[in-house]
Every structure is written in structure tokens, then in C-alpha cells.
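To start, the structure under review is shown below, and the notes come after it.
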Amino acid sequence: MSDDEGKGSGGGYRIELAKSKQAACKGPKPCKGTKIQKGELRMGVVVDFRGHSTFQWRHWGCVTPAVLSNMKKKHPEVEDLDGFEDLDDGFQAKIETAWQEGHVADEDIPDSARKGPDDTNEDEDDDKKKKTASKRKAAPRKKKARA
Ligand SMILES: [Zn+2]
């Protein structure tokens, strides 16, 4: 039974080292739009754009588990991934590992894809800045007992 893959787009994937830094990452925010630097490992999806096929690139580190899952459905054997055989052993090992684990290694996620430094300010003295100009209550704040 041949089922000709009803969906036209999302045909193929390719993985390679970026040959130039022309492509912008199509991965999720906050990395989306960041230029992929020459020599960085990147993953391309073939998309149909106004009648011709083109690639949408993203950093290898911006391949989400969902995308990786789709890639695996298309290419259960990682060796079948377009471009894979041209990569160095180190890169091949990275990709094989991701195939097995279902996500890319944390160390491969580019800085541009991270959410930035931890924002764990706990606003402890925020109440000093409350606008109390209009309604000032007479009762002073209770002070903590000092030792
Ligand atoms: Zn990216």
C-alpha cells in the first residue's frame, strides 16, 4: 500500500556546517532571527516557498524535541539524514546521541537561545517604592525586633 504522504511540505531535513553566515535561525525565541555563524552546526528543513523549495535553517541547538521527533519519523536511521555522512565523527556522535535521547545536548544550545541570566530577584524591598503619597496611613510598619 503506497500512501503518497498527503502533506506536501515538510519533506526533508538536512544537517551541515554553515557555509556562510547568511541564514537566520528559524528556531524558537529568543534565538529566532539570530544569524547562524559560519562553521556552526545547523539543521535545515525543506519548505515550499512560492513554488520552489528552500531551506529554513536553525542552529542544531535550536532543534526542539518536537522537531527532533519529526526528524526521527522521517529518518529512523540517523545515517539516512541528508548531510550526516559528511560530518566529522564528533558531530555525528552528537546527533546520534540526540536521536537516542530525544533532545539535543544542553551544551549544544547556543547562548542566543537561552533565556538570559536567571531573573530570581525576589523584590524584597519593593514596598519601599510603593506610592504612598495620596493615602498615608498613620500606622507605621511593624518593625522586626532587632536583636
Ligand atoms: Zn538558534
Side-chain angles (χ1 to χ4, degrees), residues 1-136 141-144:
M1 291 197 184
S2 65
D3 191 60
D4 273 4
E5 300 188 10
K7 295 167 188 173
S9 61
Y13 297 95
R14 177 173 174 77
I15 194 127
E16 66 176 31
L17 299 183
K19 294 170 186 129
S20 68
K21 50 183 179 182
Q22 297 301 311
C25 177
K26 295 285 184 183
K29 291 178 182 177
C31 191
K32 189 176 183 181
T34 306
K35 285 277 191 291
I36 300 170
Q37 299 299 311
K38 186 177 180 181
E40 285 188 294
L41 188 62
R42 66 180 184 177
M43 188 282 283
V45 187
V46 178
V47 293
D48 212 31
F49 183 72
R50 296 183 185 177
H52 66 271
S53 299
T54 184
F55 279 104
Q56 277 190 349
W57 297 103
R58 62 173 66 196
H59 296 102
W60 165 246
C62 290
V63 174
T64 61
V67 171
L68 194 61
S69 169
N70 288 333
M71 292 172 73
K72 284 169 67 176
K73 280 181 200 158
K74 194 84 182 173
H75 305 291
E77 300 297 326
V78 69
E79 292 84 3
D80 295 337
L81 189 61
D82 189 23
F84 181 84
E85 63 183 8
D86 297 327
L87 296 171
D88 291 344
D89 290 350
F91 289 116
Q92 291 187 349
K94 261 183 209 303
I95 297 161
E96 280 177 351
T97 302
W99 237 240
Q100 287 159 14
E101 298 189 350
H103 62 88
V104 303
D106 187 64
E107 64 183 19
D108 290 331
I109 297 172
D111 288 344
S112 51
R114 298 180 192 276
K115 309 277 184 187
D118 288 338
D119 288 324
T120 46
N121 287 333
E122 291 184 17
D123 293 340
E124 280 181 3
D125 51 4
D126 194 45
D127 53 352
K128 284 177 186 168
K129 293 179 180 175
K130 278 180 185 171
K131 290 175 183 172
T132 53
S134 57
K135 283 186 180 178
R136 285 175 69 185
R141 284 169 59 197
K142 287 178 185 171
K143 289 179 184 172
K144 285 177 185 170

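The basis for the numbers below is simple: all heavy atoms, side chains too, and nothing from hydrogens, waters or symmetry mates. Start at 1 and go down the list; that is how both ligands and their atoms are numbered.
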Looking at every heavy atom in both Arg114 and Asp106, which two are closest together, and how far apart are they?
NH2-O, 3.0 Å
Under the criterion side chain to side chain contact (heavy atoms under 4.5 Å, CB included), which of Val63, Leu41, Val78 is the partner of Ile15?
Leu41
Closest heavy-atom contact between Arg42 and Ala23?
NH1-CB, 3.6 Å
What's the verdict on side chain to side chain contact (heavy atoms under 4.5 Å, CB included) for Phe55 and Val47, showing C-alpha distance, side-chain angles and the deciding distance?
CA-CA 6 Å; Phe55 279 104; Val47 293; over 6 Å; no
Heavy-atom pair of closest approach, residues Glu40 and Lys35:
OE1-O, 4.5 Å
Quick one: name the protein N/O/S atoms under 2.8 Å from the Zn ion (ligand 1), chain by chain.
Cys25 SG, Cys31 SG, His59 ND1, Cys62 SG
Note: Lys94-Asp88 ion pair, threshold 4.0 Å (strictly below)
no
